[in-house]
Protein chains: 2
Amino acid sequence: MSKSEGTAPPQKRTPASDERFHLSNRLLFRLFKTANIMHTAGTKWTSELKMTSQQWSVVGALARPGYEEGVSVNELSKFLMVSRQNVNGLLMRLEQHGISQRVADPRDGRAKLVQLTPEGWILWRQLIRRISEFYDVALASFTTEELVQFQYFIDKLQRNLGTILK
Amino acid sequence: MSKSEGTAPPQKRTPASDERFHLSNRLLFRLFKTANIMHTAGTKWTSELKMTSQQWSVVGALARPGYEEGVSVNELSKFLMVSRQNVNGLLMRLEQHGISQRVADPRDGRAKLVQLTPEGWILWRQLIRRISEFYDVALASFTTEELVQFQYFIDKLQRNLGTILK
DNA sequence: GAATATATGTAAATATATTGACATTAAATG
DNA sequence: CATTTAATGTCAATATATTTACATATATTC
């Protein structure tokens, strides 16, 4: 994003669209920055568990009730909204740490099912406590109504962005 | 983030904190996903200009009025809230494309000043138009009040996360 | 002014994330 | 049923992002 907060807007614009541009610019730049430090802070928060914040989301996806038997790489990719290749890399590193494993999918000869190892389940129980504490800090002083509204905005943005990627 | 939306919350929790956990989890997971596709969509939006969305923010920072003479690597790092090393990498690639250059900082023998090349300025003028269009799509249907409120939430989150990284 | 502490930019190593590619398997088409 | 098209997971290449490290320059302390 052109997250340059003092950026001159494109020419031939009215003062109203100038203002809109500045608001938009400031907003999305701050979103970019905040998302970034969210990863950095999250990874720091669980550094003793040697888990990055991105790995939280993979392990969390595998730990969902009803998915214990396994989740395909493709499903993970769609659920996390990251590429299959990125999921593959994330899984490789989780496997190196003994946290997850892949087994053949009996219903589809091409596919694999990813599941937590027993060790992974033990880790998950520690991790979820730390994550919960992280949420408390990150979202300190947000009222429930604010959380709901914040999420509404994020969803609307995501929907709009989705039209670009279709 | 444990962006697993069906995650079991940590034990020994009241139903109220259960609900709070789920709200928090859902919110931050969606933020993670949305920030991700914001980069992907942004990069796609300016693919003919061969610019990634992350590069927008560097070029935009250099194009700010009052900073034309140059910005130090360290300043860029702080402004963009990314590491100096990451800025260094981003600049290397911009330089390869002739968009920016580095000159010695006359006031500090250790430092460099980064500035846009003449070619970079020409690119910037094209880029800012495309970026503005992107904003219109990404933030379609947001009222001005919603933009302001959204930004308020992001800022609050950023502040909270900042306490972790201090 | 000398010694100590800090700042600056860049190298190295590792993790994340994308696109393009491809071999294999499954689904769709005629 | 044969052919064509699409899906799945993994490889390769490239960009982003972090931490650790270090040589050099600057600032602070005494």
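Atom set for the values below is all heavy atoms of this structure, side chains included, hydrogens, waters and symmetry mates excluded. First the proteins, then the strands, lettered A, B, ... as listed; each starts at 1.
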Looking only at dG9(D), dT8(C), dA15(D), the nucleotide nearest the Lys112(A) side chain is dG9(D)
Out of dT18(D), dT10(D), dA21(D), minimum distance to the side chain of Arg84(B) belongs to dA21(D)
Would you mind classifying the nucleic acid contact of Thr43(B) as base, sugar-phosphate or nothing, using non-hydrogen atoms under 4.0 angstrom? nothing
Here the distance between atom C1' of dA15(D) and atom CG of Leu90(B), to the nearest Å, is 8 Å
Open item on the list: Do Phe153(B) and Ile164(B) land in one hydrophobic cluster if side-chain heavy atoms of ILVMFWY residues count as linked below 4.5 Å?
Closed with: yes
Paired with Leu116(B), the side-chain contact (heavy atoms from CB on, under 4.5 Å) test is passed by just one of Val71(B), Leu62(B), Ile122(B), Leu123(B), namely Leu62(B)
Notebook entry, point to check: Think Asn88(B) has a side-chain N or O under 4.0 angstrom from the OP1 or OP2 of dG9(C)?
Noted result: no
Within the structure shown, what part of the strands sits under 4.0 Å from Ser83(A) by heavy-atom distance: base, sugar-phosphate, or nothing?
-> base
Result for 5'-nearest mapping on DNA chain D, choosing between Thr40(A) and Leu91(A), is Leu91(A)
Side-chain atoms of Thr52(B) come closest, of dA17(C), dG9(C), dA15(D), to dA15(D)
Lys50(A) NZ to dT14(C) P, in whole Å, measures 15 Å
Establish whether the base of dA26(C) is bridged to the side chain of Arg110(A) by a donor-acceptor pair shorter than 3.5 Å. no
Asn36(A) near the nucleic acid: base, sugar-phosphate alone, or nothing, with a heavy-atom cut-off under 4.0 Å?
sugar-phosphate
Residue pairs passing the side chain to side chain donor-acceptor pair (under 3.5 Å) test with at least one member in residues 109-120 of chain B, sequence neighbours excluded, are Gln101(B)-Gln115(B), Asp108(B)-Arg110(B)
Whole-Å distance, Met51(B) CE to dT18(C) P, equals 19 Å
His39(A) NE2 to dT18(D) P, in whole Å, measures 10 Å
Query raised in the report: Does a nitrogen or oxygen in the side chain of Gln55(B) sit under 4.0 Å from OP1 or OP2 of dA15(D)?
Result: no
Main-chain N/O of Ala61(B) paired with Arg64(B) side-chain donor or acceptor, under 3.5 Å:
yes
Regarding the side chain of Gln85(A), the nearest nucleotide among dT19(D), dT18(C), dT8(D) is dT18(C)
note: Met92(B), atom CE; dA17(D), atom P; distance rounded to Å ~ 16 Å
Under 4.0 angstrom between Asn86(A) side-chain N/O and dT16(C) OP1 or OP2 | no
Between CE of Met38(B) and P of dT18(C) the distance, given in whole Å, is 13 Å
Of Gly109(A) and His97(A), the one whose closest nucleotide on DNA chain C sits nearer the 5' end is His97(A)
Regarding the side chain of Ser72(B), the nearest nucleotide among dT16(C), dA11(C), dG9(C) is dG9(C)
Ignoring backbone atoms, establish whether Arg102(A) has a side-chain N or O less than 4.0 Å from OP1 or OP2 of dT10(D).
yes
With the side chain defined as heavy atoms from C-beta on, Val73(B) is closest, among dG9(C), dG9(D), dA15(D), to dG9(C)
Ranking dT25(C), dA25(D), dT18(C) by distance to the side chain of Asp108(B), first place goes to dA25(D)
Result for 5'-nearest mapping on DNA chain D, choosing between Arg107(B) and Leu113(A), is Leu113(A)
Atom CD1 of Ile164(B) and atom P of dT18(D) are separated, to the nearest Å, by 15 Å
Q: Report, as yes or no, whether the 6.0 Å neighbourhood of atom CD on Glu48(B) holds more than 12 heavy atoms from other residues, nucleotides or ligands.
A: yes
Separation of dT18(C) atom P from Leu161(A) atom CG, nearest Å, is 14 Å
Q: Would you tell me if any nitrogen or oxygen in the side chain of Arg93(A) comes within less than 4.0 Å of OP1 or OP2 on dT14(C)?
A: no
- Query: Would you say dA7(C) has OP1 or OP2 under 4.0 Å from some side-chain N or O of Asn74(B)?
  - Reply: no
Tested for salt bridge (charged side-chain N to carboxylate O under 4.0 Å, His left out) against Asp155(B), the lone hit among Lys33(A), Arg26(A), Arg30(A) is Arg30(A)
Measure the acute angle between the ring planes of Phe21(A) and Tyr135(B), then classify it against the limits of 30° and 60° as parallel, tilted or perpendicular.
tilted
